[in-house]
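Down below is the structure, laid out as structure tokens.
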Number of protein chains: 2
Amino acid sequence: MPKSPEDTMPTSGRHEMPFTRIEIVVLSVIEGRLGVLLGRRAQAPYQGRWALPGGVLRIDQDKDLDAAARRVGIERLGVELPYLRQLTAIGGRSRDPRAPWTLSVIYRALVPFEAIDPNPGKRLEALKWVAADEAAADARLAFDHAERIGGALEVTRGEIDRLELPFEFLPQAFTLGELQACCEAMLGRHLDKSSFRRRLDERNLLEAVEGQMRTGAFRPAQLYRRRCP
Amino acid sequence: MPKSPEDTMPTSGRHEMPFTRIEIVVLSVIEGRLGVLLGRRAQAPYQGRWALPGGVLRIDQDKDLDAAARRVGIERLGVELPYLRQLTAIGGRSRDPRAPWTLSVIYRALVPFEAIDPNPGKRLEALKWVAADEAAADARLAFDHAERIGGALEVTRGEIDRLELPFEFLPQAFTLGELQACCEAMLGRHLDKSSFRRRLDERNLLEAVEGQMRTGAFRPAQLYRRRCP
DNA sequence: GGGCATAGTTGCGATGTGCTACTAAGTGGT
DNA sequence: ACCACTTAGTAGCACATCGCAACTATGCCC
């Protein structure tokens, strides 16, 4: 058995290191449904297939993993991704035929879909929004990305269940109806109005914007905003 | 802004990759308390300080990250770690002065403390068990390991709260009292006997080993085992 | 046989949450 | 003027979960 003491010096090149990437599961609510952003691969492997946007970790540029994910978001999508959360790391042989061993750190971002221009220029390939649940079950996606999307959905829905609210998808001031519809879109299921509201104000998560109402075709609704987090 | 298209070929050496390690938070229940296994560092940095056991990812040996964690467990601790769970990845500049950029994938293992011999031989440095809550608050630990231990505790206690039971720490057949004591040790707080039992059998997690009782100084107790998982 | 420590059960009350039903307040059609 | 319609917002009840306290049961030991 090879010796491998704790203090093996990480002299550069002593051991080969994995080819390390960042992949981002970008979620948004579009027309009442949760969508995920995919990019079409221009080259092999999986040429022409849809995949999560991602990029190579650049240790010369990135201060840490979070910074790497932010840079990848800007370079590949043209947007700052403010609400990044790391989900997991996946690594192994033969994940990507271009390198003997690859490691991907998976992030999740929540971004209003209008913020991303699907065709910003030549250096970015085609992007599209896809219904998240279908993407998670779509075996045709590149690599193991369908599974990664499934993991992101589970985590994200857990957050909504625990009333970690998706303010990213809402205007500064919003009605309780809008908030509920947004949560329902993310969960993919109906929520009960009265218990949703009871849970909200037991937790003191919101404050009413006094005097301000959303007026529309029907009865005006009180506007709320996030209580100083 | 540098171009960084999706399909940058991972030609080995085109970009420098981070020095990648595995660190393992090994937890056990010892004398009614949750403990974590630490090793004393033999060399700089943090020479003489206590740290999580870990090792370098070896892409020539390890099929994937989980396999790397298993190998590190065997090489550094002399045990198979069957219940490994990946927690997170941490990476950045200046985490470890020996390399410009390091990435650590953190695992958690649950192992009965008797399974690990603190002094198995020369190639392993001194190991010791420390009360987990104290280690999580101990700023003297090497690197950011105290914080990692805190994260492991949070995840592990969440599992117990959701009644993902720590069979790793129990014999094949055990009493409900033993199970409850084990959970209490892990959570660091008291559990109510009657509601603990109610929750257990609502979920059908256990089955009685018919006719078998644990006899001791007092009233014998029914033995249970895990219901076919 | 009685004390004692653990095993195991029962009942109650507090809490959280889903369901149903209700009232309120606007628009727009007749 | 009135009513249908739609959304906003509230109230009451049923049910499940769970903590707490009290109780019974059963063995060992003195």
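The chains referred to below are lettered A, B, ... by the order of the sequence lines, with proteins before strands, and numbering in each begins at 1.
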Starting from [atom2] on [N], measure out to [atom1] on [X] and report it in whole angstrom.
{"X": "H190(B)", "N": "dA21(D)", "atom1": "NE2", "atom2": "P", "result": "9 Å"}
{"X": "R214(B)", "N": "dA7(C)", "atom1": "CZ", "atom2": "C1'", "result": "13 Å"}
{"X": "L191(A)", "N": "dG16(C)", "atom1": "CG", "atom2": "P", "result": "18 Å"}
{"X": "K193(B)", "N": "dC18(D)", "atom1": "NZ", "atom2": "P", "result": "18 Å"}
{"X": "R198(B)", "N": "dC12(C)", "atom1": "CZ", "atom2": "P", "result": "13 Å"}
{"X": "D161(A)", "N": "dG16(C)", "atom1": "CG", "atom2": "P", "result": "17 Å"}
{"X": "D201(B)", "N": "dC18(D)", "atom1": "CG", "atom2": "P", "result": "12 Å"}
{"X": "D192(B)", "N": "dA7(C)", "atom1": "CG", "atom2": "P", "result": "14 Å"}

Q: Would you mind classifying the nucleic acid contact of R189(B) as base, sugar-phosphate or nothing, using non-hydrogen atoms under 4.0 angstrom?
A: nothing

Q: For R203(A), answer base if it contacts any base atom (sugar-phosphate contacts may also be present), sugar-phosphate if it contacts only those atoms, and nothing otherwise; contact means non-hydrogen atoms under 4.0 Å.
A: sugar-phosphate

Q | Shortest non-hydrogen contact from C182(A) toward F169(A) | A | SG-CB, 3.8 Å

Q. With distance as the sole criterion, do the side chain of S194(B) and the base of dC18(D) form a donor-acceptor contact below 3.5 Å?
A. no

Validation: residues 221-229 of chain B side-chain donor-acceptor distances under 3.5 Å, sequence neighbours left out:
from	atom 1	to	atom 2	distance (Å)
Q222(B)	NE2	V209(B)	O	2.8
Q222(B)	NE2	Q212(B)	O	3.2
R225(B)	NE	E207(B)	OE2	3.2
R227(B)	NE	N204(B)	O	3.1
R227(B)	NH2	N204(B)	OD1	3.2
R227(B)	NH2	L206(B)	O	3.1

Just wondering, do [Y] and [X] contact through their side chains at under 4.5 Å, heavy atoms?
{"X": "L37(B)", "Y": "F113(B)", "answer": "no"}
{"X": "C183(A)", "Y": "L165(A)", "answer": "yes"}
{"X": "L179(B)", "Y": "F196(B)", "answer": "yes"}

Q: Find which nucleotide of DNA chain C each of F196(A) and Y224(B) is nearest to by heavy atoms, and output the residue with the more 5' nucleotide.
A: Y224(B)

Q: Could you please name the option among dC19(C), dT17(C), dA7(C) that lies closest to any side-chain atom of T175(B)?
A: dA7(C)

Q) Of all the nucleotides listed (dC18(D), dC20(D), dG18(C)), which has the minimum atom distance to the side chain of S195(B)? A) dC18(D)

Taking 4.0 angstrom as the limit, do [X] and [Y] come out as a salt bridge?
{"X": "E202(A)", "Y": "R198(A)", "value": "no"}
{"X": "R189(A)", "Y": "D133(A)", "value": "no"}
{"X": "R49(B)", "Y": "D138(B)", "value": "no"}

(Q) Near DNA chain D, counting only heavy atoms under 4.0 Å, which residues of residues 216-223 of chain A show up? (A) F218(A), R219(A), P220(A), A221(A), Q222(A)

(Q) Rounded to the nearest 0.5 Å, what separates atom OG in S104(B) from atom CD1 in I24(B)? (A) 11.5 Å

Q: With rounding to the nearest 0.5 Å, note down the distance linking CG in D144(A) to CD in E23(A).
A: 8.5 Å

Q: Runs of at least three consecutive Watson-Crick or G-U pairs, both distances under 3.5 Å, are what I'm after; which ones involve DNA chain C?
A: C:1-30 with D:1-30

Q) Do any side-chain nitrogens or oxygens of R199(B) fall under 4.0 Å of OP1 or OP2 in dC18(D)? A) yes

Q. Are any of R197(A)'s side-chain N or O atoms less than 4.0 Å away from OP1 or OP2 of dG16(C)?
A. no

